[in-house]
**Student:** 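First the structure, then my questions, so here it is.
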Amino acid sequence: GFDWNTEMSFTNYNDSLLGRDWGFQLAINNRIYGDFAFEKNVFDLFFYGNKPFQGQNVSLAPAHGEIIMYQQFKLGFIKSFYSETEQHKFGFALSFLNGNSRMVFDSGRLNMNTDSAGNFVNIDAQISLLRTNPNYSYFLSNNGSGLGIDLAYDGCINNRHNIHISLNDVGFIGWTRPGQTAEIDSSMNFTGVQINNIVTATGNEFQNFVDSLDDK
């Protein structure tokens, strides 16, 4: 998986309006989050092709992937405690989350059979795909809304030891705008594409090779 965060923030650790040793933070974040779970066979297929699977029936499921992009508008408060030798800061923040885009791939069944002579590949698949409405895919478009909370602690025990503990982005997004879904439950037999003369090929050779998945 991966997590990408771009943030612009302003922090005041000692604000006179809030009272002694109180501060606040304002922040705008753009976050992209992705996670993927798949079998080792999928890894081998991606990097080595299907030649290692000649003459075999292999399962490529279960496989799952999800990519989410959202914006975060955050208001936080900080309370500081000072002594002669130690400094402690406790913070919490509330965020409004703007659900920007979401893509989900999930396979309940995905079996592949490669002919030992390499003449065909059979795939039997049950796959679901989901994505938010592509007409609302521009930056800051709203396909759903949610809330989040952050908690943090910073401590300076002495000149040599500091502690930072944080819990970030605990919350939810409700995806309310209808998106697009596709359900595939089918078998495909792929026997290759034959090109007699690469110089005179027009591209028509590739129009019908999808076979039984063509109507999807």
Side-chain angles (χ1 to χ4, degrees), residues 1-6 30-70 97 99-137 141 143-144 146 168-216:
F2 66 88
D3 186 20
W4 180 280
N5 180 37
T6 305
N30 184 61
R31 300 191 69 107
I32 304 175
Y33 167 81
D35 72 89
F36 310 91
F38 48 85
E39 296 292 311
K40 183 179 181 299
N41 287 335
V42 176
F43 179 90
D44 293 339
L45 179 66
F46 183 82
F47 283 99
Y48 305 114
N50 65 326
K51 185 176 181 179
F53 303 120
Q54 282 182 282
Q56 301 180 39
N57 291 305
V58 295
S59 175
L60 305 176
H64 173 82
E66 184 169 12
I67 299 176
I68 295 174
M69 179 175 175
Y70 61 96
L97 306 180
N100 198 178
S101 64
R102 181 184 183 215
M103 293 183 290
V104 180
F105 167 88
D106 191 74
S107 66
R109 185 182 77 254
L110 188 57
N111 302 312
M112 181 183 70
N113 172 258
T114 301
D115 178 46
S116 58
N119 291 323
F120 63 83
V121 176
N122 288 326
I123 293 180
D124 180 42
Q126 188 272 314
I127 298 172
S128 60
L129 305 167
L130 180 149
R131 68 172 179 176
T132 46
N133 194 323
N135 294 325
Y136 296 90
S137 59
S141 60
N143 289 291
N168 298 319
D169 279 358
V170 180
F172 67 92
I173 297 175
W175 300 93
T176 54
R177 189 185 296 277
Q180 295 182 339
T181 60
E183 297 286 343
I184 299 173
D185 191 345
S186 184
S187 297
M188 182 182 76
N189 175 257
F190 179 60
T191 57
V193 177
Q194 180 173 333
I195 299 177
N196 297 319
N197 189 328
I198 195 171
V199 177
T200 61
T202 63
N204 294 327
E205 297 86 351
F206 296 95
Q207 288 187 355
N208 298 313
F209 79 98
V210 183
D211 296 349
S212 59
L213 292 184
D214 187 52
D215 62 340
K216 306 298 183 182

**Student:** Test of understanding: with salt bridge (Lys or Arg N to Asp or Glu O under 4.0 Å), list the residues that count as partners of Arg131, not counting sequence neighbours.
**Tutor:**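 Partners of Arg131 by the salt bridge (Lys or Arg N to Asp or Glu O under 4.0 Å) criterion come out as none, since no residue qualifies.
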**Student:** Tell me the closest heavy-atom pair linking Gln54 and Gly118, and the distance in Å.
**Tutor:**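 Answer, listing the atom of Gln54 first, then Gly118: NE2-N, 4.0 Å.
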**Student:** Should Asn5 and Tyr33 count as side-chain neighbours, where that means a heavy-atom distance under 4.5 Å?
**Tutor:**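 No; the side chains remain at least 4.5 Å from each other.
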**Student:** Hey, could you give me the CZ/OG distance between Phe105 and Ser128, rounded to the nearest 0.5 Å?
**Tutor:**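 Going from CZ on Phe105 over to OG on Ser128, the span is 8.0 Å.
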**Student:** If you define the side chain from C-beta out and look only at heavy atoms, does anything of Val104 sit under 4.5 Å from His64?
**Tutor:**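 A side-chain contact under 4.5 Å exists here.
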**Student:** Supply the atom-to-atom distance Asp106 CG to Leu130 CG, rounded to the nearest 0.5 angstrom.
**Tutor:**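 Output value for this atom pair is 10.5 Å.
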**Student:** About how many Å separate CG of Asp3 and CD1 of Ile68, when rounded to the nearest 0.5 Å?
**Tutor:**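 The distance works out to 11.0 Å.
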**Student:** Please list every donor-acceptor pair under 3.5 Å in which a side-chain atom of residues 43-52 meets a protein atom from a residue at least two apart or in another chain.
**Tutor:**
unit_1, atom_1, unit_2, atom_2, d
Asp44, OD1, Lys40, NZ, 3.3
Asp44, OD2, Lys40, NZ, 2.8
Asn50, ND2, Thr114, OG1, 3.3

**Student:** Check whether any side-chain N or O of Ser107 sits under 3.5 Å from a backbone N or O of Ala61 as a donor-acceptor pair, and report yes or no.
**Tutor:**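 Looks like no, no N/O pair under 3.5 Å.
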**Student:** What are the two closest non-hydrogen atoms of Trp175 and Met69, and how far apart are they?
**Tutor:**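 In terms of heavy atoms, the two residues are closest at CH2-O, 4.2 Å.
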**Student:** Nearest heavy-atom pair of Asn41 and Ser59: which atoms, and what distance?
**Tutor:**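 Nearest pair, atom of Asn41 first, then Ser59: ND2-O, 3.2 Å.
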**Student:** Please round to the nearest 0.5 Å and tell me the distance separating atom CD of Gln126 and atom CD of Glu183.
**Tutor:**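 Reported to 0.5 Å precision, the distance equals 6.5 Å.
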**Student:** State, with a plain yes or no, whether a side-chain heavy atom of Gln180 is found less than 4.5 Å away from one of Pro134.
**Tutor:**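 Counting from C-beta outward, Gln180 and Pro134 do come under 4.5 Å.
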**Student:** Taking side chain as C-beta onward, heavy atoms only, is Ile32 less than 4.5 Å from Phe2?
**Tutor:**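 Heavy-atom side-chain distance check passes, below 4.5 Å.
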**Student:** Which pair of heavy atoms, one from Arg109 and one from Ser186, lies closest together, and at what distance?
**Tutor:**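 For Arg109 and Ser186, the tightest heavy-atom pair comes out as NH2-N, 4.5 Å.
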**Student:** Less than 4.5 Å apart, any side-chain heavy atom of Ser141 and any of Asn100?
**Tutor:**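 Yes - at least one pair of side-chain heavy atoms lies under 4.5 Å apart.
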**Student:** Which residues pass the side-chain contact (heavy atoms from CB on, under 4.5 Å) test with Arg177, sequence neighbours left out?
**Tutor:**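 Result, side-chain contact (heavy atoms from CB on, under 4.5 Å) vs Arg177: Asn133, Tyr136, Asn143.
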**Student:** So do Phe120 and Asn113 actually touch side chain to side chain, heavy atoms under 4.5 Å?
**Tutor:**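 Side chain of Asn113 against side chain of Phe120, heavy atoms only: contact under 4.5 Å found.
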**Student:** Is there side-chain contact between Phe53 and Val121, with heavy atoms separated by less than 4.5 Å?
**Tutor:**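 Heavy-atom side-chain distance check fails, nothing below 4.5 Å.
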**Student:** Using 0.5 Å steps for rounding, measure from the CD1 atom of Ile123 to the CG atom of Leu110.
**Tutor:**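 Taking CD1 in Ile123 and CG in Leu110, the distance rounds to 6.5 Å.
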**Student:** Within the structure provided, determine whether Asp169 and Arg31 are in side-chain contact (heavy-atom separation under 4.5 Å).
**Tutor:**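 Asp169 reaches Arg31 side chain to side chain.
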